[in-house]
Amino acid sequence: VNIASILGKIGNPRNTGYCASKHGMVGYTKSLALDLASRGITVNVVLPGFVDTPMLRHQLQIQASQLGVPTENVVRSARRRVPLKRFVRSDEVAAMVGFLASAEASAITAQSLVVDGGASCGA
């Protein structure tokens, strides 16, 4: 199970290199899945959106500083972009990884599975 980012499916201004690397991970996953399928090995990639981690909080703090606004304003704005109105928890991403590594997912391969609270649906 590979981990990339929702930016492996969409673009984002001023993140060209990052987006390209995540798109590359999606392609790598599909190709590797085809290479290993005959051996019964599955390969998938999880694409998380905003995951509530110290790294995300730090990035939002930097954005707030650059904009000259309180950090909480940027956090609220980011949450509003998610239809569920909250950030993804790391345990939710881990649960997807656990499922994909389980026998129950033995027929799932070459897939990009999004865990983003609906943020990439375009709402």
Side-chain angles (χ1 to χ4, degrees):
V1 178
N2 296 315
I3 305 289
S5 163
I6 189 53
L7 295 180
K9 283 201 174 242
I10 61 175
N12 196 41
R14 296 171 303 283
N15 286 101
T16 305
Y18 184 84
C19 290
S21 71
K22 301 313 172 187
H23 277 74
M25 182 62 77
V26 170
Y28 168 78
T29 297
K30 290 175 182 271
S31 294
L32 188 59
L34 293 173
D35 288 342
L36 299 176
S38 66
R39 294 163 59 186
I41 299 171
T42 62
V43 184
N44 295 289
V45 62
V46 176
L47 307 176
F50 287 123
V51 179
D52 198 356
T53 62
M55 184 177 88
L56 173 64
R57 298 290 178 155
H58 179 69
Q59 290 302 316
L60 296 177
Q61 186 177 30
I62 290 170
Q63 288 179 22
S65 176
Q66 291 171 341
L67 295 169
V69 299
T71 301
E72 190 52 39
N73 290 10
V74 175
V75 170
R76 270 196 307 275
S77 177
R79 282 191 187 126
R80 278 195 295 266
R81 294 171 39 200
V82 180
L84 291 180
K85 304 298 182 221
R86 66 174 181 83
F87 297 139
V88 173
R89 296 185 321 268
S90 58
D91 65 301
E92 293 171 314
V93 177
M96 176 61 79
V97 171
F99 170 69
L100 291 171
S102 74
E104 288 82 12
S106 63
I108 301 172
T109 195
Q111 299 304 304
S112 302
L113 294 113
V114 176
V115 181
D116 72 350
S120 61
C121 73

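Side chains included, hydrogens not; waters and symmetry mates left out as well; all remaining heavy atoms used.
- Under a hydrophobic-cluster definition in which Ile, Leu, Val, Met, Phe, Trp and Tyr are linked whenever side-chain heavy atoms come within less than 4.5 Å, directly or via other members, V45 and V114 are assigned to the same cluster.
- Residues meeting the side-chain contact (heavy atoms from CB on, under 4.5 Å) test with T16, sequence neighbours left out: none.
- When hydrophobic clusters are built by joining Ile, Leu, Val, Met, Phe, Trp and Tyr residues whose side-chain heavy atoms come closer than 4.5 Å, directly or via intermediates, V93 is not grouped with V43.
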What side-chain donor-acceptor pairs closer than 3.5 Å can you find for residues 63-78, not counting sequence neighbours?
residue, atom, partner, partner atom, Å
N73, OD1, R76, NH2, 2.8

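- Residue pairs meeting the ring-ring contact (aromatic ring centres under 6.0 Å, His included) criterion with at least one member in residues 70-121, sequence neighbours excluded: F50-F87.
- Listed here is the closest heavy atom pair of E92 and R89: OE1-N, 2.7 Å.
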Do any side-chain atoms of residues 1-13 form donor-acceptor pairs under 3.5 angstrom with protein atoms, and if so which ones, sequence neighbours left out?
residue, atom, partner, partner atom, Å
N2, ND2, T29, OG1, 2.9
S5, OG, L7, N, 3.0
N12, ND2, N15, OD1, 2.7

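- Residues L113 and V26 do not share a hydrophobic cluster, clusters being chains of Ile/Leu/Val/Met/Phe/Trp/Tyr side chains in contact below 4.5 Å.
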*Checking side chain to side chain contact (heavy atoms under 4.5 Å, CB included) for the pair V51/V115: CA distance, chi angles, key distance, verdict?*
CA-CA 9 Å; V51 179; V115 181; over 6 Å; no
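- The distance from atom CE of M25 to atom OG of S112, rounded to the nearest 0.5 Å, is 11.0 Å.
- In this structure, D35 has no salt bridge (Lys or Arg N to Asp or Glu O under 4.0 Å) partners at least two apart in sequence or on a different chain.
- The list of ring-ring contact (aromatic ring centres under 6.0 Å, His included) pairs with a residue in residues 9-32, not counting sequence neighbours, is empty.
- Listed by chain and number, the residues in a side-chain contact (heavy atoms from CB on, under 4.5 Å) with K85 amount to none (sequence neighbours excluded).
- T42 pairs by the side-chain contact (heavy atoms from CB on, under 4.5 Å) definition with N44, T109, not counting sequence neighbours.
- Sorted by first and then second residue, the pairs that involve residues 51-61 and meet side-chain hydrogen bond (donor to acceptor under 3.5 Å, both in side chains), not counting sequence neighbours, are D52-R57.
- Note on L32: it does not cluster hydrophobically with L34, by side-chain heavy-atom contacts below 4.5 Å among ILVMFWY residues.
- P83 and C121 make their closest contact through CG-SG, 4.0 Å (heavy atoms, listed as atom of the first residue, atom of the second, distance).
- When all heavy atoms of D116 and V82 are compared, the pair lying nearest together is O-CG1, 3.7 Å.
- Applying the side chain to side chain donor-acceptor pair (under 3.5 Å) rule to S38 yields no partners; only residues at least two apart in sequence or on another chain are considered.
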